[in-house]
Amino acid sequence: MGNRGQKRAEMVDELPADKRACSSLDFRPSSSNSSVQTHMNSPNSAHETRDNDMETSSSASASSRSEGEPERDSAYGSCDSDDAEQRHSNLRHYRDYQRQRSSTDHGKFKRILSSLSEETGPSEQLASLTELCEVLSFCTQDSLSSMVSDSLSPLLVNLAKHESNPDIMLLAIRAITYICDVYPRSSNFLIRHDAVPALCQRLLAIEYLDVAEQCLQALEKISREQPLACLQAGAIMAVLNYIDFFSTSVQRVALSTVVNVCKKLPSECPSSFMKAIPILCNLLQYEDRQLVEYVAICLIKIVERVSQSSELLDELCKHRLIDQVIHLIDLNCRTTISRPIYNGLIGLLVKLSSGSIVAIRTLYELKISSILKDILSTYDLSHGMSSPHMVDGHCDQVYEVLKLLNELLPTTARDQDNQQVLDKESFLVNSPSLLQKFGLDILPLLIQVVNSGANLYVCYGCLSVINKLVYFSKSDMLLELLKNTNISSFLAGVFTRKDQHVLLVALQIAEMILQKLSDIFLSSFIKEGVLFAIDALSVQENCAQLMFPKFTGVQLSFDSSQKSASKEVPSCLCYAFATGQSLTTSETCSCKLENDSVHKLAKHIKTNYFTPNLSEQGVTDILQKLRTCSTALSDLVNATIGNDAPAQHEGRFYCIVHQIMETLNGKEPISTFEFIESGVVRSLLSYLSNGQYLREKGKAQGVNGHLIIVEKRFEMFARLFLSSSEPYSVDLPLLVLIRKLQSALSSLENFPVILSHGSKQRYSYAMVPIGRRTMHPCLKVRFVRGEGETCLGEYSGDVQTVDPFSSLDGIEGFLWPKVSIRRNEHIKSASCTMGKTESLPHELPSTDNDANLSQSAFEQALNEFAKQEMQLPLEADVNMEVQHPASCSDEDALQKLVFYLEGQQLDHTLTLYQAILQKQIKENEFITGAKLWSQVYTLTYKRALEPIQGNSQECLQSGQNLSVSDKVGAYMQYTPFVSSIYACELTSDLERSSSTYDVLFLLKSMESLHRFTFHLMSRERICAFAEGRIDNLDSLKVGVPSMPHNEFVSSKLTEKLEQQMRDSLSVSIGGMPCWCKQLVASCPFLFSFEARCKYFQLAAFGQLQAQSHQLSHSNSGATSDRRPGSGSLPRKKFLVFRDQILESAAKIMDLHARYKMPVEIEYNQEVGTGLGPTLEFYTLVSREFQKSGLGMWRGEYGLFASRTSLEAEDMGILMSPSGLFPRPWPSTLSTTDDQFLEVIKKFVLLGQVAAKSLQDGRVLDLHFSKAFYKIILGRELTLYDIQSFDPELSRTLLEFQALVNRKKFLESVNGENSPAEFDSCFRDTRIEDLCLDFTLPGYPNYVLASGPDYKMVNMRNLEDYVSLIVDTTINTGISRQSEAFKSGFNQVFPIEHLQIFTEEELEHLLCGEHDSLVFNELLDHVKFDHGYTASSLPIVNLLEIIQEFDHGQRRAFLQFVTGAPRLPPGGLASLNPKLTVVRKHSSICADTDLPSVMTCANYLKLPAYSSKERMKERLLYAITEGQGSFHLS
């Protein structure tokens, strides 16, 4: 082989950059849209390009665009019409230029063709070819014609065979490459003139490296159009034969050719591609990810083609193919591959296992079960976590794993004619140790997957594998497999499923266990309820009620690259995991099961394994004991209802509840079945609610009179279940109860997951409720007036297309004007009125408006706020109408119409899609697929007889404008959740009398008890002091036992919600079954924080923005770690002045708060823009809000009136260890007061900024108190909440209240003659001697009350003093500031969407991670590149330095690198792009250079310092001195 390649490269380097001919690595950009082309760039060239970009700041527009951001979003006026006109003008000029260019190119082609056709010398041929390459490199498809291509093809093929002149060969082959690129149809002409054999001959000769490389490029182009011709000419072996001689980028081109060929492999003559198997298997060991993925695609296609031949499959296994594939799918493999390829490799093993006993033997010997165990173990991580190996409910990874597991075990139905099945069975019989290892690895994981809420396909697949394991295991091995699995409880849960396929397999498992191990498992079957489930299925009537109609399938969303492997999912579970011979459509639509197969098998099991009287004896001792306690508790509750002296029975209540607690927490285990059947859940609910649980709303009015009793019972319950009776007990009794409830919920609940069968998004036009285009199909509806309805007119329209996710209220808004007789008679006046009332929502501030106009609107809203005092500003109301166009005025808010679907009244709170689904679920008739959208639904409408009037406003105003006497004791009556918990409805999908409803409600009660533990225990301590059971005020302090809040999370319901949100129809929460919305609202604690974050984004921002948030916080190894580009919303750029941060923020929010486009910041006289400056903007705004002197927060004890707003800016940061809480301002102060108006403005702005940061996915650097988060979430504050922001004041007030209560208790016992010495004792000091006046502590000018009785505090008015302080601190003194914050927030999106979070979770969501950097996460989530690896000495030094940083230095380092001192929720794992550290090459000594960053890419360029000390010194200097500006680095 010659070295011409090297010499040619040297020659090229000497030429000017714009004059160089294409070298072997300089590929011409393709005009093709092939997916392969996207991976063509050399990694070296890509790195060089990125290095060049990195030499500028993160905010440079070029680098910003390189991170996947659309260019139009990074420039001013991206939406202006002038730019659009300019683009159209440029397009016209470009088209004119192309026409002129095409005409010129035609002439050149004719001249070149004529020159090459003549017998000329090598120099003339070389010149003609050079000119041809130059013309082809710039021409378009219009410039080439079929005639020119056909004429050039034979000439170029002949010149490519020019043995004597390699330069002619190189240019001829390059011209072939360019022709195929410009005019793909020319491949036909080249094939006809034997171009492929000629190119393969050059490759096999490989005399010149550059010629060979050019041949590879040409073959890659030809193979796209003519893969079969390439295969027949031997192209696969030609490109693979010497592949190791080429660079990585050229190897990718070669393998891209093989990929193109393998996509069209013929069914005959396999030898043409089987020869390549050894080389391909060897290439799987390479480290380049793209190379490995190309090889994997080739092997997947080859295995698919030969899957029907056992001999060929055995031959594949001889080349260590299985070894290499197992290495790649191992989660510990260093080579990460994309998820579709990963799934395809598992599918490859499935194909091998289905047809080759050699593959089966190899997989078992290589311990494939350990690999599959690790894959299945990631199933629980799918709840919102970003993992490169995450098992997604909408991808086929678990599906492929289950297919492989099923293939590794023979079928239980023995087929003597199937040699493959017999060979598998014989192998397992002769290798019991391998089968046992397989079962021990897989069985626990399969049970875990089913219990976590897997869909029906996954559930059936897991059960099929378990059934095979149980069937083929001998008794001793089966006992070993089942001893740690609680198989009885698992089967009891499966029997709650309602699909006949699942039930039949579960019955087969139960029968086989009873057949082999009856004496061991019969008692546990009774205890766990398996016996009762089988007994119920053995009754024909019960069995018929359990059966749903034939399963229609849950479509798995297969990736496009895997379409050939998974063309369709069978509609019946009988064929869900069938492999081997392909099934016809008619076969997959017919079910193999008989209608009564479940009933027959259940009856068979009952007859053969259960004695006739076993059902009567099936009540265990522990179940009987719990039933006795439950009955006693219920009887006592019923006996005391209406009793005037219920306190006398509290002792008996205590004994019974204590006995229940002891039983639940005892040494004898209680099964889920026993817990449910005992009735203890219903009796505990009845006890806690004082008998009000499940009473009708009209009859439950008496609950208000029992609130004190309910409070006392919750206190007693907390005292019992939050203290362990056993000194060495690990778990609290409450934790044991919660876990029992969670098990019961998993066993009982049957909320449906309705998926849309992977339907593609398509545009439709919805005429109802407002004419607009939608990205999802519409429902067809015919509106019909109800019979006998005379007050409404007949709807004259035909069938209408209705947005399926519009509410019934929205449909009513469309229909009412058209059917209202009164409206039609007075249409003119009505339209005028509507015109006036509905004009407000359309007056949105535009981004082009003058800032003064927006400011005047802001002032108008504030003036309206001042007039209405305690009510929301008009601005917030307008915003609500903008966010929800279907909303009406107060007069129109009353329900006017009632809708019926097939005679059933529809719930107005649901969308039409949800109403249809709910009706079908109740009737067990699932209409799915195209029929759902093609069917015409008839909606009957009638006049609402009694309009529903809400009383929320009355309730809101009832607590306002209270007199001093009314406020006394208002905050000591009862904790807030007690008054509301029994008035709410959990979900309309459940009957209130069902066991599932009971379990949910007790879980909700226990979660409330857990959240209010401090309140309840403090009240109990105060009562104990009042009654004299404790005498020391220091005893009022309570210690709240810690219990993880995630114990309330139901993994099964979380998985169901995740599946539902991943569905293609989940463009809004209206596209999901109604239980999702109702259960998330009423019991949010049941769902993981990550799942609720996704739900919140979907509910508040819609599908597009929710996907952008998920992309921006994802860090999957299978995806690019760049910011979302085309899928994300366009951004709006604003110019900000650093010395006017709050003023700039106010102008931005005034202009942009109502719009969903993300905000992007650029600072005045700085070149930086993009993610980094934007994150820093939110950080700077956060600091401005924390400056003292603004009059916003507690802790500013000086009078705000003595300072001006300008002076306030020079004040320091307000430090509040307990978090920020609004400073009280007198309720008598008018909003016309300039200083208070400034405070209100700032709270409005703070609300806008907080909401916008959530909408855009940014973090704030603020520390709010827990009580302020409760205000944001709309939760009521009490005396006990003061402890969260002012512990000293809270302690004093609680002690004062304890004194008041003791005085009242003594007076009730002794009358007015209570001991006088107590009257003035507060820590040995008389109350009068404390010299307290009726002013707010810390605010001497804030007078709480005036009058002769309210001058100085004494024992007689101490209760008034405490109540007034509490009222001022958490209600009247801060209510207007709180409402201002909410009004600003509502301008961005409704604040009600946040109510599914706790206070701690909201802080996490709004402010990110509090702990800046966790050292053990650095190696896992930081990328080292361009000269650095994880073991490089500078990297080791850097990690040690970061570990040594204090909290402030870590914050500064984060802000230096990312633009924000806090990490997003999820920490480093959620940072996107991933934090990357690269080596910075310095032109001078590295020790004198400084680190530099690209904040948009989270990219740190670190010089290789000579020592750790020097690195730390330079790094600290950079992060302290480099703050405050964004410039070129």
Side-chain angles (χ1 to χ4, degrees), residues 58 384 386 1089-1090 1092-1094 1096-1097 1100-1101 1105-1106 1108-1115 1123-1124 1128 1131 1136 1141 1145 1148-1149 1158-1161 1170-1186 1213 1219-1220 1245-1265 1268-1269 1272 1381 1385 1388-1389 1393-1394 1397-1414 1417 1421 1447-1448 1450-1475 1493 1495-1498 1523 1526:
S58 63
S386 298
F1089 173 64
E1090 293 80 10
R1092 279 180 285 129
C1093 285
K1094 294 179 184 177
F1096 157 71
Q1097 291 162 3
F1101 312 130
Q1105 203 154 356
S1108 297
H1109 277 275
Q1110 292 170 24
L1111 282 170
S1112 64
H1113 292 304
S1114 69
N1115 194 21
R1123 296 188 66 205
S1128 60
R1131 293 172 294 281
V1136 168
I1141 290 294
I1148 291 172
M1149 293 304 151
V1159 168
E1160 186 174 291
I1161 299 301
L1171 180 62
T1174 304
L1175 289 175
E1176 189 190 50
F1177 168 74
Y1178 283 98
T1179 301
L1180 295 176
V1181 171
S1182 301
R1183 291 179 182 172
E1184 289 294 319
F1185 277 119
Q1186 294 177 82
I1213 300 297
L1220 300 173
L1245 177 60
L1246 178 60
Q1248 293 171 325
V1249 171
K1252 197 64 182 173
S1253 69
L1254 286 173
Q1255 189 181 66
D1256 291 358
R1258 315 303 183 206
V1259 292
L1260 296 179
D1261 188 25
L1262 284 167
H1263 180 37
F1264 292 136
S1265 64
F1268 189 61
Y1269 282 116
I1272 295 175
F1381 176 91
F1385 198 104
V1388 183
F1389 67 89
H1393 288 304
L1394 297 176
F1397 299 108
T1398 65
E1399 298 85 44
E1400 294 79 10
E1401 290 169 344
L1402 181 55
E1403 180 179 26
H1404 196 60
L1405 196 65
L1406 192 62
C1407 303
E1409 296 290 341
H1410 179 65
D1411 296 327
S1412 301
L1413 287 170
V1414 180
E1417 291 184 355
H1421 302 298
H1447 181 68
R1450 290 189 182 189
R1451 282 171 49 86
F1453 173 76
L1454 270 180
Q1455 181 156 3
F1456 175 66
V1457 176
T1458 69
R1462 295 191 182 206
L1463 289 169
L1468 276 174
S1470 299
L1471 194 64
N1472 189 59
K1474 181 183 284 189
L1475 179 59
V1493 294
T1495 52
C1496 284
N1498 300 325
Q1523 304 282 2
F1526 287 85

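Basis for what follows: all heavy atoms, side chains included, without hydrogens, waters or symmetry-related copies.
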Undergrad: Indicate yes or no: at least one non-hydrogen side-chain atom of Leu1405 is less than 4.5 angstrom from one of Cys1093.
TA: yes
Undergrad: Looking at every heavy atom in both Pro1465 and His1404, which two are closest together, and how far apart are they?
TA: CG-O, 3.2 Å
Undergrad: Is any NZ, NE, NH1 or NH2 atom of the basic residue among Arg1451 and Asp1261 found under 4.0 Å from an Asp or Glu carboxylate oxygen of the other?
TA: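 So Arg1451 pairs with Asp1261 through a salt bridge.
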Undergrad: What is the distance from atom CZ of Arg1092 to atom NZ of Lys1094, rounded to the nearest 0.5 Å?
TA: 13.0 Å
Undergrad: Given side-chain contact (heavy atoms from CB on, under 4.5 Å), test Tyr1178 with Val1259 step by step and report yes or no.
TA: CA-CA 7 Å; Tyr1178 283 98; Val1259 292; over 6 Å; no
Undergrad: In the structure I gave you, are the side-chain heavy atoms of Leu1262 and Leu1406 within less than 4.5 Å of one another anywhere?
TA: no
Undergrad: Using every non-hydrogen atom in the two residues, find where Ile1141 and Phe1177 come nearest and quote the distance to one decimal.
TA: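 Of all heavy-atom pairs spanning Ile1141 and Phe1177, the closest is O-CE1, 4.5 Å.
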Undergrad: Strictly distance-based, threshold 3.5 Å: is any side-chain N or O of Glu1409 a donor or acceptor partner for the main-chain N or O of Gly1466?
TA: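 Judged by distance alone, yes, a pair lies under 3.5 Å.
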Undergrad: Less than 4.5 Å apart, side chain to side chain, heavy atoms only: is that true for Pro1173 and Thr1495?
TA: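 Of all side-chain heavy-atom pairs linking Thr1495 with Pro1173, at least one is under 4.5 Å.
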Undergrad: Rounded to the nearest 0.5 Å, what's the gap from CG on Leu1402 to CG on Leu1394? Could you check?
TA: 5.5 Å
Undergrad: What distance separates Lys1252 NZ from Leu1260 CG, expressed to the nearest 0.5 Å?
TA: 13.0 Å
Undergrad: Kindly indicate, with the supporting measurements, whether the criterion side-chain contact (heavy atoms from CB on, under 4.5 Å) is fulfilled by Phe1385 and Leu1246.
TA: CA-CA 8 Å; Phe1385 198 104; Leu1246 178 60; over 6 Å; no
Undergrad: Which atom names give the shortest non-hydrogen contact between Ala1145 and Val1181, and what distance separates them?
TA: CB-CG2, 4.0 Å
Undergrad: Tell me if a side-chain donor or acceptor on Ser1265 pairs with a main-chain N or O of Leu1220 at a distance below 3.5 Å.
TA: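 Yes.
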Undergrad: Considering all heavy atoms of both residues, which atom of Thr1458 and which atom of Leu1175 are nearest to each other, and what is their separation?
TA: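 Smallest heavy-atom distance, with atoms named: O-CD1, 3.3 Å.
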Undergrad: Considering only heavy atoms from C-beta outward, does the side chain of Leu1475 approach that of His1421 to under 4.5 Å?
TA: no
Undergrad: Can you find a heavy atom in the side chain of Leu1180 that is under 4.5 Å from one in the side chain of Glu1176?
TA: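 Side-chain contact under 4.5 Å: yes.
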Undergrad: Mind checking what makes ring-ring contact (aromatic ring centres under 6.0 Å, His included) contact with Phe1096, not counting sequence neighbours?
TA: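 Phe1096 satisfies ring-ring contact (aromatic ring centres under 6.0 Å, His included) with Phe1101, Phe1389, Phe1397 only.
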Undergrad: Decide yes or no for Val1493 and Phe1456: does some side-chain heavy atom of the first lie under 4.5 Å from some side-chain heavy atom of the second?
TA: yes
Undergrad: Is it true that a side-chain atom of Glu1401 and a backbone atom of Thr1398 form a donor plus acceptor pair closer than 3.5 Å?
TA: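 Yes, because the side chain of Glu1401 sits within donor-acceptor range (under 3.5 Å) of the backbone of Thr1398.
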Undergrad: List the atom of Asn1498, the atom of Pro1473, and the distance in Å for their closest heavy-atom pair.
TA: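 Minimum heavy-atom separation between Asn1498 and Pro1473: ND2-O, 2.7 Å.
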Undergrad: Would you compute the distance between atom OG1 of Thr1179 and atom CZ of Arg1258 and round it to the nearest 0.5 angstrom?
TA: 11.5 Å
Undergrad: Could you report the tightest heavy-atom contact between Cys1496 and Gly1172, atom names first, then the distance?
TA: SG-N, 3.8 Å
Undergrad: Answer yes or no: is there a donor N or O on one side and an acceptor on the other, between the side chain of Thr1174 and the main chain of Ile1161, under 3.5 Å?
TA: yes
Undergrad: According to ring-ring contact (aromatic ring centres under 6.0 Å, His included), who are the partners of Phe1268, at least two apart in sequence or on a separate chain?
TA: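 Scan of Phe1268 (ring-ring contact (aromatic ring centres under 6.0 Å, His included), adjacent residues dropped) gives Trp1193, Phe1264, Phe1381.
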Undergrad: Applying ring-ring contact (aromatic ring centres under 6.0 Å, His included), name anything that partners His1263, two or more places apart in sequence or on another chain.
TA: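 Counting only residues at least two positions away or on another chain, His1263 forms no ring-ring contact (aromatic ring centres under 6.0 Å, His included).
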